[in-house]
2 protein chains.
Amino acid sequence: MDIKTLCLGLLCDGDASGYDLKKQFESTFKHFYPAGYGSIYPSLAVLADQGLVQCHAMPQDKKPDRKVYRITEAGRQVFETSLADASPEHKLRSEYLVAMYFADYLEPEQLEQMLTNWNQTLSDGVARLDLIEQEFGPDVPPGTRFVLGFGKALATAMASYVEENRSLLLPATSTRNKRVDARIESSSTAQTTNLENRV
Amino acid sequence: MDIKTLCLGLLCDGDASGYDLKKQFESTFKHFYPAGYGSIYPSLAVLADQGLVQCHAMPQDKKPDRKVYRITEAGRQVFETSLADASPEHKLRSEYLVAMYFADYLEPEQLEQMLTNWNQTLSDGVARLDLIEQEFGPDVPPGTRFVLGFGKALATAMASYVEENRSLLLPATSTRNKRVDARIESSSTAQTTNLENRV
DNA sequence: GGCTAAGGTATCGCCTCGATATATATGCGC
DNA sequence: GCGCATATATATCGAGGCGATACCTTAGCC
């Protein structure tokens, strides 16, 4: 599954321009499948090439044409196939987790500051999702409700974990400074690269 | 922060080859900052170019040279700066969340199957992290303990959410079929020019 | 008059990813 | 001894994604 598939999915719910799609990717999809212009416009071009969407240029007064895309029957089928082929693995990437892993290379005040920032960012994220939900009014579609709830549950769980485990990082009893500088031996048998000496 | 920074960080804890680094990326870092050969080897080459690491080729009997990398003082400084510059935002990407968002395009049995798969995958993930933790023995470094615990807490929270909210998706009372082409009408006032008369 | 925001299109270069190629050595079952 | 899988180890390629930027107009505000 890639951005092309996501575009097809969004177009299943109604015609849209690249700009419209971007707005979706920036609101509802932001927390589990974000995409920018650099992905969306090329995707639409390829999809149009493959006949999975049709493009209609709608002239506007004194503005460049609005290019509205509509999914075709072939596009719908491709989408449903891709959807069923989805992988259950998710991908997470977090710079702050890297920072926590290497916490003993940070000044304690810096670390404190980061932990505070982190929880702030997470609660901002929850607030953002709440706002999106409210904008839907009383009738949030079930899929939307599910993914928004998922995002909120996740951010909340992260915040709780950080709060409850910050003590793991803070006591300045670092063991890393005990590490030895493994000399590189030019002997052919010396393969004792010490990746283990962090203990 | 990019893979280059991560490589520097790992090399702070001891010399290593590209292969060694890959193993770390595949175990401890898998759940929050994964990387493959296609990222690691080019990163090491660039770092060596910039003088942030030194490369020592260690000849081996009847095997290609083992290229062991060691961080330099400049590398250490660059790493600590990058670490302090980390962004609190995380990135998640989940195909299954996409599938749940578009759940009404799936057969109910398929959906059921996916929800089951999902929880299986998540608990496999927790088991994997438990295993890694056990391999460290009694003295898991605090940073490692923190990130492994984070991963487990997250996967557990996901599993709970999925379990508790599957009912949101299952009752076949889809509202999507009621959809109107509201997007075009709401995003532009003047373009009542319907698409049909230009198809 | 100048500033910012919003509506729009689109591309560029860097980075990342997954698969693949190329060797050798070890171990395991048959 | 044969075939096979696994581990050690290097590295590259093409496809795809990402962030920033460019270009253009209108509207509103100070």
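Note on naming: letters A, B, ... go to the chains in the order of the sequence lines (proteins, then strands), and numbering restarts at 1 for each one. Just so we're clear, the structure is a prediction, and the values are computed from it rather than from any experiment.
A ring-centre distance under 6.0 Å is not found for A:Tyr33 and B:Tyr101.
Closest-nucleotide positions on DNA chain D for A:Tyr33 and B:Tyr37 were compared, and the one nearer the 5' end corresponds to B:Tyr37. Residues B:Gly38 and A:Ala35 each lie close to DNA chain D; by heavy-atom proximity, the contact nearer the 5' end of the strand is made by B:Gly38.
One atom, CD of B:Glu26, and another, P of C:dG18, lie 9 Å apart when rounded to the nearest Å. Atom CD1 of A:Ile3 is separated from atom C1' of D:dG17 by 7 Å (rounded to the nearest Å). For the pair A:Phe25 CZ and D:dG19 P, the computed distance is 13 Å after rounding to whole Å. Taking atom CD of residue A:Gln50 and atom C1' of nucleotide D:dA15, one finds them 13 Å apart after rounding to whole Å. The distance between atom CZ of B:Arg93 and atom C1' of D:dC18, rounded to the nearest whole Å, is 9 Å. Going from atom NZ of B:Lys30 over to atom C1' of C:dG18 covers 13 Å, rounded to whole Å. Residue B:Met1 contributes atom CE, which lies 18 Å from atom C1' of C:dC14 at whole-angstrom precision. Rounded to an integer number of Å, the gap from A:Tyr19 OH to D:dC24 P is 18 Å.
In this structure, the nucleotide among C:dT11, D:dG17, D:dT10 sitting nearest to the side chain of B:Tyr41 is D:dT10. Which of D:dG19, C:dC17, D:dG16 sits closest to the side chain of A:Lys4 comes down to D:dG16. Considering only the side chain of A:Lys67, C:dT9 comes nearest among C:dT9, D:dA11, D:dC18.
Ring orientation note: the planes of B:Phe150 and A:Trp118 are close to parallel, at an angle under 30° on the 30°/60° scale. By the 30° and 60° cut-offs, the orientation of the rings of A:Phe79 relative to B:Tyr105 is perpendicular.
In the hydrophobic cluster analysis, where Ile, Leu, Val, Met, Phe, Trp and Tyr join through side-chain heavy atoms closer than 4.5 angstrom, A:Leu8 is grouped apart from A:Tyr41.
By the 6.0 Å and 45° rule, B:Lys30 does not stack over the aromatic ring of B:Phe25.
Residue contacts for A:Lys22: at a heavy-atom cut-off of 4.0 Å it reaches no nucleic acid atom on any strand shown.
Phosphate contact (OP1/OP2 of C:dT16, side-chain N/O of B:Lys91, threshold under 4.0 Å): absent. Contact check, B:Ser17 against D:dA9: no side-chain N or O comes under 4.0 Å of OP1 or OP2.
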Exercise for review: Starting from the C-alpha separation in whole Å, work towards a yes-or-no answer on salt bridge (charged side-chain N to carboxylate O under 4.0 Å, His left out) for B:Lys67 and B:Asp20.
Suggested key: CA-CA 10 Å; B:Lys67 291 191 185 174; B:Asp20 292 331; over 6 Å; no

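End-to-end axis angle for the helix from C:dG1-D:dC30 to C:dC30-D:dG1, using five pairs per end and rounding to 10°, comes out at 30°.
Between the side chain of A:Ser82 and the backbone N or O of A:Met1 there is no donor-acceptor pair closer than 3.5 Å.
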